Amino acid sequence: MVKVGSTLAILGLCAAVAACQTTQQNIGNKEDMMAAAGFKFVPANTPARQASFKNLPAHKFSREIKNGQVFYVYPDPTVCVCLYVGSQAAYSRYQANVFQKNLADEQQMTANINSMNDWDWGPWGGYPYPGWYY
């Protein structure tokens, strides 16, 4: 019973923190990870690039083939008005980095849950459910 309540408390806290992050922050974090994986930043700074840019789905990876090579493009009309372009290797590194980040976040959340089990509920009238007083 203690673990369920602590888990719910931590999950609620994580959801609140995630809700506080703006869309631009989320996109910026994603773009930082793409750059670290080897994606190249290409600004949409000419009329031809801007016209082509509008044909791509915003904030979604598209797989493109050019001269027999696979590339991944990620258009950002929100933060940089640019295109991130990466090879298959860069995209694979990006996916591996996202996986590692998610794993680290999950491990941190588990550590937080474990530390909540040691928290003193006494000043709050005891552990909630049953006997929780408002």
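Here the structure is a predicted model, which means the values were calculated and not measured.
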inquiry  = For residues Tyr84 and Tyr72: do they belong to one hydrophobic cluster (side chain heavy atoms under 4.5 Å, members Ile, Leu, Val, Met, Phe, Trp, Tyr)?
reply    = yes

message = Side-chain heavy atoms nearer than 4.5 Å, only ILVMFWY residues, links allowed to pass through others: does that put Ile27 and Val73 together?
response = no

Scan the side chains in residues 32-46 for donor-acceptor partners under 3.5 Å anywhere in the protein, sequence neighbours excluded, and list what turns up.
| residue | atom | partner | partner atom | Å |
| --- | --- | --- | --- | --- |
| Asn45 | OD1 | Arg49 | NH1 | 3.1 |
| Thr46 | OG1 | Arg49 | N | 3.1 |

request  = Applying side-chain hydrogen bond (donor to acceptor under 3.5 Å, both in side chains), name anything that partners Gln95, two or more places apart in sequence or on another chain.
outcome  = Tyr91

key: Backbone of Ala48 reached by a side-chain donor or acceptor of Ser52 within 3.5 Å   = no

Without placing hydrogens or testing angles, list every side-chain donor-acceptor pair under 3.5 Å for residues 59-71, not counting sequence neighbours.
| residue | atom | partner | partner atom | Å |
| --- | --- | --- | --- | --- |
| His59 | ND1 | Tyr74 | OH | 3.3 |
| His59 | NE2 | Thr78 | OG1 | 2.7 |

